[in-house]
Each structure stands twice: as C-alpha cells, then as structure tokens.
Amino acid sequence: MFDDIPILTDDDNTAPLPSAGARRPALSAPANLAHSSQPRTAPPSADPNTFAESLFQGLTPPQAQAVRHTEGPLLILAAAGSGKTRVITRRIAFLVSCGVAPWQILALTFTNKAAGEMRERIHTVLGGAVSEDGTENRRTRGLTVTTFHSLCARLLRKYAAAAGLKPDFSIYNTSDQLTLVKKAIEAAQLSTANFQPRSVLSVISNAKNELIDAERFAAEAYDFSQKAIARVFTAYTRKLREANAVDFDDLLLLIAKLLRVNPDVRAECQRRWQYLMVDEYQDTNQAQFQIASLIAGEPSATHRPNICVVGDPDQAIYGWRGADISNILDFEKHYPAAATIKLGENFRSSPPILASADALIKHNKNRKPKPLFTSKEGGEKLDVVQCRDELHEASLVAAWLRKHHDADPAEGAAPIAWREMAIFYRTNALSRVLEEAMRSANIPYTIARGTSFYEREEVKNALAYLRVIANQADSVSLGRIINVPTRGIGDTSMGRVEELAERTRSPMMEALRNADQVEGLSARALNAMAKFVSLIDAWTGGGTFLGANISSTLAELIDRVLKESGLEAMYRAQAQTTKSESDLERLDNLAELISSAQQFELEYDAASDPASDLTGGPPSADGEAISKLSSLAGPALAPETGLAIIPAAAGNINVIQAPPLLALLRGFLESIALVADADVVDPSQGSVTLMTLHAAKGLEFPAVAIVGLEEGLLPHMRARESDEALEEERRLCFVGITRAMRRLLLTAAKYRTQRGMSERTITSRFLEELPREHVRGSDQSDPYADLQGTAWGTHAADDEANVSAVQNISSDRQRPIRELSSGGASGAGRSPFPIGSSVRHPQFGVGSVKAFTAGAQARITVEFRGAGTKTLVLEYARLTKA
DNA sequence: TTGCGATCCCTTTTT
DNA sequence: GGGATCGCAA
C-alpha cells in the first residue's frame, strides 16, 4: 500500500557540496587564481603516489587510460556495462589526487539518484585515502556533482536578476505548464479544441530545447498554424514571467542564453569549473550541449577545454524530448584535439544476454558498428514466453521471480534477493496489473515513480500553498488553492480579479489585495479574499520571513499552513464522513510531507543553498558556522522584498540572499520539482523494482523481466511512423536487456486489455531478432491450458522450473505498516522503540535504533541498512516495529 | 457557489 | 478503464 511513496532522495542540498562560503560576500576570489595550466602541487594525501596508483587497481587498459587522461577534451564511448561509472568516479578521484581542487570539478548526470551515487562513491574512494587528521571531508568539499536541471536552477537563482527573474521563482511542472498553456491559448483568442494544450505545449517545448524562444519562433513561423502557436508561445512566456515562474525547459534555455550573452556570468562559471564531465552524453539536447560547451569554453590555440563526455549512441532513448545524438557523434568535430577511448568489454551480463542484446541492436541501420564482448563464459539462456493475456503475464512474471528467489543452491542455482530483481515495461499503464500480481504473490515491490507522491491531490494542494508563500506571483498555484477548502471565492469572483490583474499587469496576489477596486464582487467574496491575504501575510511575516510570529522550521511552517488554511481539517472531515481507506491515506500523506520536510531540513546544508555563491572560489572555513545562524540574525533586508542584496564575489552581478526559512523553503520546493522517477530506486528496500524502460537506464539487476513485447507497445505505436523512432524503440529494448546480469525474461501477451478492450496482439519484431541459440522459448498462450496454476516452466523445455505462482511462503514479505506510529508529540517522554530494536521507515526501510532524545520534538536516531544513519523527529517519522 | 453525475476523451517515454 | 471536464440542480 505504501510501496509507491517515494523517497526524498539524497538531493544535492544534502551533500557537502557547492559550498563556496558564500554566506558572506567574498570580496575577492582568490581561488580563481588557481588555474589548470599551473603545475600541480602535491596531493594532500600522506602518500600521494600510492594512493594515485590504487586508483588504477582492477582497471582494464582502456579504463585506466580514460582515468589518466585529465587534460584536454576526451570522449569516452562506453558500451553498456563497461564500467563507465567506475571510470568516472576514479577519474574524478584521480584529478583530486593530482591536486585539482574539488570545487573546480563539475560532473553532470541525468538523475539526482545517479548524482548522489557518484558523489558517494567518490567520497568513498577519496575518503579512504586520508586518515590521519580527519580531513577526509575536505577532499570532496566543493565538488559539484549534479544534474543539468539542478545546476541550472541554482545558477538561475544566483543570476536571477541577469536573467530577468526574481530569485524566488517557481519551477513549473507539466501540469502547471498545461494550466498555463490553456490560459495562453485563450489569451491568444484560439480554441483549445483546435489547439490541444498538450500538443501545443510539446511544440513549444521542442522549440525551447533547440534554444528557440518565443520571439524567434514567431519570426520563423510561416503558416497559419505556426503563427497561431507563436502567439500562444508568446502569451505563455509572458504568463510565466508574470508568475515569476520557469518551466523545465526554461531552466536550460535561460542559462544557455545567459552564458552566451553575459560575459561576466560566463567568465565566472568558466573560472570556477576547470574540469567538466558529462555523463549520458548521447541524451543531451541542444540546450544542454550549449551549456556544457560554454562552461568548458571554446577550443582554441590557447585553450584546451577540459571537457570529458561519456556516453553510448546505442543507448540514446530521449530523442523525443529533443536529445540530439549528433552531440556525441560530432564531439570530435567540435573538439578537434579530442582523444577518444572506447570501452567495449562488458562486465555485467552473461554471454547469452549480451549476445542477444548485440544481435538486437545490430538491426539498427543508422548505427556505427561496435563490438560488444565479454570474457565471461556459460550463463543461462533467455526465457521468452508468450502468455495468454496481461493477467497471465503478470502472474507468470511473479512465478519466475519467485523461482529465482527461492532457488536452491544445492541444485546449483544461486538464489536472487528481491532487491536484485526488476520488471520493466514500456508504458506506466502496464504497472497496475503487475502490481496486483506482486501483491497476490506476496512479493515485496517498489514502483519507481518519483513524482507520484507529489501528484496526489492533497499533496499538490499543500505544495501549492507553499509555493504561493515562496512566490506570491505564482498564479497557477494561487488559482489552485484560493478556494480550497471552499471559502466562497468561486470562478466568477476569481475571473473578475484576474481581469484586474491582467489590466494592471500585476501579479494575482497583488490584485487580490486590491480586490476592493473590483466591481461586482460580493461582500462575501471580498471578505474571504481579505482573510486569505492576511493568512498568507501571517505565514510570511508580510513577505519578510522574519519576526517573532514566524515559524522557525520548515516542518513547523508546513504544519501551520495545513492547520490554518483548513486543509487538514477539510481532509479529516472528509475521511470521517466517507471512512474510506483512500481518504485516511490523505491525512497520512500530509503527515508524510511534513516528515519529508523535516528530513530535508535536517540534511540541509545552507552552504550549498541555491542562493549561495556557486561560482565563487574555494569553500571558506567558516561556511558551516555561518549556516547555523538563527533565523533572526539574517542580513539587512531590502525594504520591499525582505531579501538581502549582497554584491557578488566577482563581476558586477548582484547576488540576492534570502532569509534562512525562505531559502529552506525554496530548496525544498526545488528538490521536489526536480525529482526523477529513477531517484526512487532504492536497493536497501529489499523489494523488486517496477519501472519503465526509460527509468532503467544506468541501472543493473541480476534478474530482469521485461513485459509487453508486442507490436504497438514495444515498439510503441507512435514510433512506427519513422525509422528513426523505430530504431529508438529498439535501443530502448536494448537498454532493458543490457540491464540484466544473469537472468532475463521477456514476455508477450496474446491478448491485451487496454482502455477496457481486449485485443489480439502481434508479438514484437524485437523477439524475432533475438538469436535462437540463446533463447528458451515457450508458448503458454493456449487458452485451454491449466488456467489456475500458471505454473512456470510446465510447458517450457526444461523441467528444472516448476514453481507455483501463488506461494505464500516468504521470509521478507511486507508487513502492515500502520501498527504503531506512536501517538504524536505527546507521550514522547519515552521511546516506543527501545535502543537496539529494529524499526521500519516508509522511506528508508529497516534500521536499528541508536539513540533517543525526549521532549516535545522527540528525536530518534536510526541506523538504516543502506540509507545511512538518520535522526528523525519521532512525531513525523512514522516508524513501525520491524 | 457548490457538488454531483454524465459524458467525453485519451492513451509513451521524463527533467 | 479512468481522469478531466461539463452541465445541471440545489
């Protein structure tokens, strides 16, 4: 039931990272003097040579070569499973051991999860090297490992003014975008019937990915439809700016633009980051390409950019969102001095799996031939099964997983833990049936859907309140909650206020404040609006976030908002009347939101705050001390905004610093806006992972099942129009197959029910493309076969397998969660969980209790298996006995 | 203004 | 099958 609640990942904010000591204006930038052309000083390690040597242990010659190549452009073509992450990690460690300051290194990944893992691994490698004086932390200090989107969000906060934004801008997700596009279509006096918001949005998004803004789009529009969309684009952009908001594409677009047109910003970034690494380079789009090249600097006689890109053209699966495979194919053209290293040997998959993947990908015509090889031997054939329908398919997958989980070592088959297994599918819609099958087979599972928690109505509403608090111009969020719970401000009244806002070109919140100027508003509505405004003002201290009445922690703030807005009461009343499980869950989810804010706050490092000086020099010694200042000791405030304006370290760029609570709130909202599905994958959970093929990129599992190998699904219907799209589908399938280490199951269903209709399917061409000798096929689609048993392997060629789908024996099956949850703040004098006892947390899994502090905000310290040691506030932690 | 029921639409992948 | 939207009654 709680499986799909995501983990608020170890976001960048939690890392000891871009801490440039920017809480104080560093008036000079001494660090900038350090330049790559200068000779390196000795590494800080006691025995640098031994340490540096240790970094090459266990590497193949090409891997070692890639690690050793530190200066000048480098292209690493890393085939699937070729030890790419290892190379990147070691290479960064090697750079540091060569004396490069960590803060001069920038590594860009695709997901927060990947960034977090890489950071951890670098930390492990480097941390182990120094032992004497406890300085290990300092060795990764200032290192920037993050995603393109996070980096851009931070840079945009810092350079907001230069980009024409206020630093408290909101980041709009797809549903916010849709709301705004609808309004833009209306504003352009078009009909949403002729111009579907979704498709208009995708046109706009594609344009932005290619760095085409509204202005240029309008200039280049040639026919009626293009011109109409151009008008929508213009209106949409205007509305975004009026809401002081950016969408995902803007994060990249605006930074790319800024880097191009603003020499100060560009110079600052170039000075700060002398070494740039980009992972998954085959999936970068035009905007990302520009950002990377601009930070690296153009190659010239005097400048050899230290840019290292890693990727694999065969794993390019994001063409549909603007990724441009020619970025990686043309790298050597763009950087003529580039060295290229090919990592071809696969260390992950068994020979049959690898050979199958290789055979499949060879069917792509538009592809450079590339060897894919392993020195491994043996291995099991792939299982390929034709099922009756999706229900049969799901239970068969469950049985297959169970079989491998319960395998008997005595019979020569090593058992595989749940967490070492995954199920992939092409579309999210397929997950439901699988989920049900996992439940009835008592197999613990997790769905990798990072955003699902934040997409629930109650959480969305709570977040909308927070976004209005952080950014009062955020009209989309305001529109969402102005009448939730109902306070008598209906569409008619809001329409009138909107008119005023439109007419005066002022933010909605401003118009609300001036609602008495609006004609035709009922006294009731007017009164309600005034009350609403004063609510917001009370929470924000009139926008200053300072003063005695202002909450001092994020969790307190959210708690207060939930109570005073009436949101919590609304859901409680609802739960009481309906008594339905789903309504009870809403309250839990709100508590969970507070809990995740709590967690965020505990792990928050103010020194890595978005508003801090990302591009400045080395971290200052007092960075940490400053970050602990209380909320009352903030810097002097600018009268209007409550924001302090501080001159930047270098250049003429103003850095605006927010009061701590506001900064925290921003960081929290930002981390939520940028979560990815793959961020949720957590091996410590001890459960099977269900996810889309796209989300599977970069991961590996000993046992993998891929379902729905049918024409129209994989390859997807929408991809059949062009060869290009079809080849991308094949790559997607290739990515899925190459995630598997030892066991792989591919299934198709003869009949599949979609949107209520059962239809006959055709098996995927991709299955035909697999080499027979590596496949153990079986057709179990006979409708007269034993309907109940779905016994895996009864029809299969080998008899080794014969496991019933519905076994109830399981050592680590899921337990009901809502057993204990300790009665809130009261009764927190004693821990309900004795020290040393074992507890379970919905996000972090199982751990053992290490410490307990009593009090109103009783805290409990738990050492989680895999998730590390965390201190949680008991009231919110939702711990249960494990 | 609100809340409910009927109807329509839609179906990929995601930072 | 299910979510969003629309229309109608209170």
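By convention in this document, chain letters (A, B, ...) are assigned in the order of the sequence lines, proteins followed by strands, and residues within each chain are numbered from 1.
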Provide a list of protein-nucleic acid N or O atom pairs under 3.5 angstrom, restricted to nucleotides 8-10 of chain B.
unit_1: dC10(B); atom_1: OP1; unit_2: Q196(A); atom_2: NE2; d: 3.1

If stacking means aromatic ring centre less than 5.5 angstrom from the base's six-membered ring centre, planes under 30°, is W320(A) stacked on dT12(B)? no
Which residues share a side chain to side chain donor-acceptor pair (under 3.5 Å) with N483(A), sequence neighbours left out: none
Whole-Å distance separating the NE2 atom of H716(A) from the P atom of dT14(B): 12 Å
For the side chain of R321(A), counting heavy atoms from C-beta on, which of dT12(B), dG3(B), dT14(B) is nearest? dT14(B)
Hey, does the side chain of K697(A) come within less than 4.0 Å of dT13(B)'s phosphate (OP1/OP2), counting only N and O? no
Grab the CG-P distance between L178(A) and dG3(C) for me, whole Å please. 16 Å
Euclidean distance, atom CE of residue M691(A) to atom C1' of dT13(B) [Å, nearest integer]: 14 Å
Of R487(A) and Q754(A), the one whose closest nucleotide on DNA chain B sits nearer the 5' end is R487(A)
Given atom CG of L430(A) and atom C1' of dT12(B), what is their separation to the nearest angstrom? 10 Å
Quick one: which of dT1(B), dT2(B), dT14(B) gets closest to the side chain of N428(A)? dT14(B)
Short side-chain donor-acceptor distance under 3.5 Å, D312(A) and Q282(A): no
Whole angstrom is fine here: how far is it from CZ in R720(A) over to C1' in dT13(B)? 16 Å
Which of these nucleotides, dT2(B), dT14(B), dT13(B), is closest to any side-chain atom of N483(A)? dT2(B)
Taking the side chain of T692(A) as its heavy atoms from C-beta onward, which of dT15(B), dT1(B), dT13(B) lies nearest to it? dT13(B)
Test of understanding: with side chain to side chain contact (heavy atoms under 4.5 Å, CB included), list the residues that count as partners of R524(A), not counting sequence neighbours. S522(A)
Among dT15(B), dT5(C), dG3(B), which nucleotide has an atom closest to any side-chain atom of F248(A)? dT15(B)
Measuring from the side chain of E729(A) (C-beta onward, heavy atoms only), which nucleotide among dG3(B), dT15(B), dT12(B) has the closest atom? dT12(B)
With the threshold set at 4.0 Å, does a side-chain nitrogen-carboxylate oxygen contact exist between E729(A) and R426(A)? yes
Side chain of H149(A) only, please: which of dT15(B), dT12(B), dT1(B) is the nearest? dT15(B)
Does the gap between the ring centers of Y318(A) and H694(A) come in under 6.0 Å? yes
Start at the 5' end of DNA chain B and walk down; is the nucleotide closest to L732(A) or to I489(A) reached first? I489(A)
At under 4.0 Å, does any side-chain N or O of S493(A) touch on OP1 or OP2 of dT1(B)? yes
Heavy-atom side-chain proximity of E499(A) to M494(A) below 4.5 angstrom: no
Could you grab the distance from atom NZ of K208(A) to atom CG of N206(A), nearest 0.5 Å is fine? 11.5 Å
Within the 3.5 Å criterion, strictly below it, is a donor on Y571(A) or E457(A) matched to an acceptor on the partner's side chain? yes
When the distance from CD of E280(A) to C1' of dT14(B) is rounded to whole Å, what number comes out? 14 Å
M570(A) has an atom CE; how far is it from atom P of dT2(B), in whole Å? 12 Å
Base, sugar-phosphate, or nothing for F148(A), non-hydrogen atoms under 4.0 angstrom? nothing
Spacing of E724(A) atom CD relative to dT12(B) atom C1', expressed in whole Å: 17 Å
Which nucleotide sits closest to the side chain of T147(A): dT1(B), dT13(B), dT15(B)? dT15(B)
Would you mind classifying the nucleic acid contact of T753(A) as base, sugar-phosphate or nothing, using non-hydrogen atoms under 4.0 angstrom? nothing
